[in-house]
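The structure under discussion appears below in the form of structure tokens.
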Amino acid sequence: QVQLAESGGGLVQAGGSLRLSCAASGRSFSTYATGWFRQAPGKEREFVAAMDWSGGTTDYVDSVKGRFTISRDNAKNTVYLQMNTLRPEDTAVYYCAARRWASVIRTSVEYAYWGQGTQVTVSS
């Protein structure tokens, strides 16, 4: 079992940056694949970024490539999403997710654990 808690969301102007954190409880978090998803009002949850369990492979939705970076600090049991050059269309609740011993996962149903989400609002 692992519990996830996101933080770092907030209000930022277009062109600005935020770094989201996802802190995990429990041991062996280094064996978990992780992902970030987002959900805007009235829309379905959308894949944003993912990393396999080893940390060696990452994947991004096209709309954030070159602007967002997923990373992990195993010593801190924390996954990050660095978001640069933010746009108003990035506004959403951002969720992190995890699944043990998995490769890169883009589909939400394959993740076993989820955080509660953190709001990101980008003003124009």
Side-chain angles (χ1 to χ4, degrees):
Q1 287 280 347
V2 65
Q3 292 183 326
L4 307 174
E6 301 95 335
S7 61
L11 174 63
V12 63
Q13 289 187 333
S17 298
L18 283 174
R19 188 178 77 161
L20 305 184
S21 299
C22 175
S25 66
R27 297 177 294 178
S28 302
F29 188 60
S30 61
T31 62
Y32 284 77
T34 54
W36 286 95
F37 290 76
R38 64 188 180 187
Q39 189 166 18
K43 295 186 177 181
E44 294 187 353
R45 191 168 294 189
E46 172 191 32
F47 166 76
V48 176
M51 175 181 290
D52 74 333
W53 74 268
S54 74
T57 303
T58 58
D59 192 18
Y60 300 89
V61 68
D62 285 348
S63 61
V64 308
K65 285 181 179 177
R67 300 189 298 124
F68 291 11
T69 303
I70 186 172
S71 63
R72 186 172 73 193
D73 186 334
N74 290 333
K76 296 182 178 180
N77 274 7
T78 301
V79 175
Y80 302 99
L81 185 68
Q82 178 67 44
M83 305 186 296
N84 298 328
T85 319
L86 282 161
R87 304 167 180 169
E89 54 263 40
D90 295 319
T91 295
V93 177
Y94 283 70
Y95 300 89
C96 66
R99 176 172 177 163
R100 201 172 186 195
W101 296 123
S103 60
V104 169
I105 303 173
R106 296 174 66 101
T107 53
S108 60
V109 295
E110 294 187 56
Y111 283 96
Y113 304 101
W114 289 85
Q116 81 288 350
T118 185
Q119 176 71 46
V120 171
T121 303
V122 184
S123 63
S124 57

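None of the values given here were measured: they were computed from a predicted structure.
By the 6.0 Å contact criterion, CD on E46 is enclosed, its count of non-hydrogen atoms from other residues, nucleotides or ligands being greater than 12.
Evaluation of the side chain to side chain contact (heavy atoms under 4.5 Å, CB included) rule for A23 yields T78 as partners, not counting sequence neighbours. Not a single ring-ring contact (aromatic ring centres under 6.0 Å, His included) links Y60 to another residue, sequence neighbours left out.
In this structure, L81 CG and L20 CG are separated by 5.0 Å, a value rounded to the nearest 0.5 Å. Note that the CZ atom of R72 and the OG1 atom of T34 stand 6.0 Å from one another [nearest 0.5 Å]. To the nearest 0.5 angstrom, Q119 atom CD is 9.5 Å from L11 atom CG.
Judged as a disulfide (SG to SG under 2.5 Å), the pairs with a partner in residues 83-124 (not counting sequence neighbours) are, in order, C22-C96. Within the structure, every pair that satisfies the ring pair (Phe, Tyr, Trp, His ring centres under 6.0 Å) test and touches residues 70-106, not counting sequence neighbours, is listed here: W53-W101. For residues 8-33, every residue pair satisfying the ring pair (Phe, Tyr, Trp, His ring centres under 6.0 Å) rule, not counting sequence neighbours, is listed here: F29-Y32.
In the model, S17 has a side-chain atom that pairs as donor or acceptor with a side-chain atom of N84 under 3.5 Å.
When all heavy atoms of S124 and P88 are compared, the pair lying nearest together is CB-CG, 3.8 Å. Counting all heavy atoms, side chain and backbone alike, D59 lies closest to R106 at OD2-NH1, 2.5 Å. Looking at every heavy atom in both residues, R67 comes nearest to S63 through NH2-O, 2.9 Å. Closest heavy-atom contact between V2 and A24: CG2-CB, 3.8 Å. Across every non-hydrogen atom of V120 and M83, the tightest pair is CG2-CE, 3.9 Å.
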Going by atom type alone, with no hydrogens or angles, which donor-acceptor pairs under 3.5 Å involve a side-chain atom of residues 109-116 and a protein atom two or more places apart or on another chain?
from: E110; atom 1: OE2; to: T107; atom 2: OG1; distance (Å): 2.5
from: Y111; atom 1: OH; to: I105; atom 2: O; distance (Å): 2.8
from: Q116; atom 1: NE2; to: E6; atom 2: O; distance (Å): 3.3

Do V122 and E89 pass the side-chain contact (heavy atoms from CB on, under 4.5 Å) test, and can you show the C-alpha distance, the side-chain angles, and the key distance before you say yes or no? CA-CA 8 Å; V122 184; E89 54 263 40; over 6 Å; no
Before you tell me yes or no, could you show the steps for V61 and F68 under side-chain contact (heavy atoms from CB on, under 4.5 Å), namely the whole-Å CA-CA distance, both residues' side-chain angles and the distance that decides it to 0.1 Å? CA-CA 10 Å; V61 68; F68 291 11; over 6 Å; no
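The side-chain contact (heavy atoms from CB on, under 4.5 Å) with R38 is formed by just one residue from the set V93, T118, D90; it is D90.
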